[in-house]
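Have a look at the structure below before the remarks.
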2 protein chains.
Amino acid sequence: MMESKRPPSKFVAAISHIREMIKADRIGSGDKLPSERELSERLSIGRSSVREALRALELLGMIETRRGEGTYLRDFKDHQLVPLIGTFIFNDDQKKEHVHDIKTILEMGCLALLAVQPDFNQHSINYTETAFHELMDASGNSLLKKMWIIISDYAGDSGGQADERLTELLSGIRHINHS
Amino acid sequence: MMESKRPPSKFVAAISHIREMIKADRIGSGDKLPSERELSERLSIGRSSVREALRALELLGMIETRRGEGTYLRDFKDHQLVPLIGTFIFNDDQKKEHVHDIKTILEMGCLALLAVQPDFNQHSINYTETAFHELMDASGNSLLKKMWIIISDYAGDSGGQADERLTELLSGIRHINHS
DNA sequence: TCATTGAAGTGGTCAGACCACACGATTTAC
DNA sequence: GTAAATCGTGTGGTCTGACCACTTCAATGA
C-alpha cells in the first residue's frame, strides 16, 4: 500500500500551533506572545524546537523578538516578503547587468501600464530615477513598485540620470510584432 | 547620537555564511551540504544556531533535509515560496491582477532582450507559456527567468495559451517615444 | 523625592546527550 | 560464489540544562 505519512517535524508543527494560538487567543499586532519557555510547556515540545519555529516566523517578518523583553506579533504585510524573496533570488552569481536589465524591464513595464491607461499623456513624462518613483505610483501596481525599489537597491544605481539601456530596450521592443 | 550596530544574531549570520559557503564551494543543485555538526565547527557557532538557520532556509525551499542522510541543496525551481506565501497572504483580485501584470511585463522584457540581440530572428518566436521557458533561457538573463518562474507559479498559469494582456502592453509601449 | 540596587523574567547561545534513520561494509547463511 | 542478515558509523531530530546579556520593575536607601 501507499504508505506515506511521516509525521511532520516538531518545528513545522510548532509553526502551525503558534499561529493557531495567536488566532485563538486573539493576539493582535504589537501584543506580546508567550515566552519561549511557556510555549515550550504549552506545546509539550522542547524549547529548541519552539525557537526554530519562532526564528522562521521572524525571518518571514511575522514576529519581532526583543532580547530581555519578549516576542511580539508584528503587523504583517505581505509586501514584507518582497525583500526577503529578493535576497533569496539574488543570492547567487547574479551578474550586475542582469540586475540592471531587470530594473530597466520593470521601468519599461511601468511605461506600458501607463500607456494603456485612458488618460495617458505622454508629454507629462520624463525618465529620471526620481520621476519613476511617481510613475510607479501612477501605474497603480504597488507590487511593481516594490519590486522596482528592491531591484534599484540591488543595482546600486547612481540615480538622477535617465538610462540609455531603457532607450535601447524600448527601441528593441518595437521590432516585436505580436499579432 | 549615532547609536547603531547591534551585532546580528548568530542565526542570521549563519544564514549568510551558509549561503556564502554554498557559493564559494561551488555547491550545486542536489549536492550535499556539510553536516550540521561540521557547519557548527566551521562557523564556530553552536549546532542549535546552525539548525535555526537551516530550518529557515528549508522553509524557503532552498534546501532539503533528509534524516539519516544529510542536507541537500535544492534546485531553484523547487522553491517553496508559493505555498509559503499562500499560507500567509490574503489574495484579493487586485493583487492577482498586479501579479499577472508583472508576469506579462517580465515576458515583454524578455522579448526586448531578445530583440536587441544581434542574431535576433522574430519568426522563430511564439508566445505560449511553454515557449517562454525557452525564451527566458535565450534571453541570457538567469535572474529574469527566476523571477518569471516565481511569478508564474504564483499567478497560477492558465497554461499554453498566449496572453492577450501581453498584446495589449506591447501595443501600449509603442506609444512611448523616448528620444 | 529620587537615584540605586537587585531580583526575576526573557531571548541568545552553547554543549551534551539520546533517538530514529540511512547507508555501506562486514559477516553469515545458503 | 552469491545472497541475505548484521552491525558500525554518520546524519538529522529532539530534549535538557546551563550560562549569558538584557530589560523591567519593585524594593531599598540616601
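Values in this document were obtained by computation on a predicted structure and should not be read as measured data. Numbered from 1 within each chain, the chains take letters A, B, ... in sequence-line order.
- In terms of position along DNA chain C, the nucleotide closest to B:Phe11 lies nearer the 5' end than the nucleotide closest to the other residue of the pair B:Glu69 and B:Phe11.
- Side-chain nitrogen and oxygen atoms of A:Thr71 include at least one within less than 4.0 Å of the OP1 or OP2 phosphate oxygen of C:dG11.
- Within the 4.0 angstrom heavy-atom criterion, only backbone atoms of the sugar-phosphate kind lie near A:Gly46; the bases stay farther away.
- Contact annotation: B:Arg55 side-chain N/O to D:dG12 OP1/OP2 distance is not under 4.0 Å.
- The side chain to side chain contact (heavy atoms under 4.5 Å, CB included) search around A:Glu168 returns A:Arg165, B:Val116, not counting sequence neighbours.
- In this structure, the CD1 atom of B:Ile15 is 15 Å from the C1' atom of C:dG12, given to the nearest Å.
- In this structure, A:Glu52 places its CD atom 13 Å from P of D:dG12, rounding to the nearest Å.
- Side-chain atoms of A:His98 come within 3.5 Å of backbone atoms of B:Gly140 as a donor-acceptor pair (strictly under, hydrogens ignored).
- Taking side-chain N and O atoms only, B:Arg51 has no distance below 4.0 Å to OP1 or OP2 of D:dG12.
- Counting any heavy atom pair closer than 4.0 Å across all strands shown, B:Leu54 reaches no nucleic acid atom.
- As a whole-Å value, the separation of A:Arg67 CZ from C:dA8 C1' is 17 Å.
- Dashed line: the shortest gap from a side-chain N or O of A:Ser9 to OP1 or OP2 of D:dG12 is not under 4.0 Å.
- Among residues two or more places apart in sequence or in another chain, the side chain to side chain contact (heavy atoms under 4.5 Å, CB included) test is passed with B:Ser29 by B:Asp75.
- Ion pair B:Glu38/B:Arg42 flagged as a salt bridge, since at least one NZ, NE, NH1 or NH2 atom sits closer than 4.0 Å to an Asp/Glu carboxylate oxygen.
- Note: CZ (A:Arg66) to C1' (C:dG11) measures 12 Å, nearest angstrom.
- With respect to B:Glu64 and B:Arg66, a salt bridge is recorded, a charged nitrogen being found less than 4.0 Å from a carboxylate O.
- A salt bridge links B:Arg55 to B:Glu36: one of the charged nitrogens lies within less than 4.0 Å of a carboxylate oxygen.
- Applying the 3.5 Å distance criterion, the base of D:dG13 shares a donor-acceptor pair with the side chain of B:Arg47.
- Between A:Gly68 and A:Ser49, the residue anchored nearer the 5' end of DNA chain D, judged by the nucleotide with its closest heavy atom, is A:Ser49.
- Within residues 27-43 of chain B, the residues approaching DNA chain D are B:Ser35, B:Glu36, B:Arg37, by heavy-atom distance under 4.0 Å.
- The backbone N or O of B:Ile45 sits less than 3.5 Å from a side-chain atom of B:Ser40, completing a donor-acceptor pair.
- In this structure, B:Ser48 does not reach the C:dA15 phosphate: none of its side-chain N or O atoms is under 4.0 Å from OP1 or OP2.
- Whole-Å rounding puts the A:Lys10 NZ to D:dG12 P distance at 18 Å.
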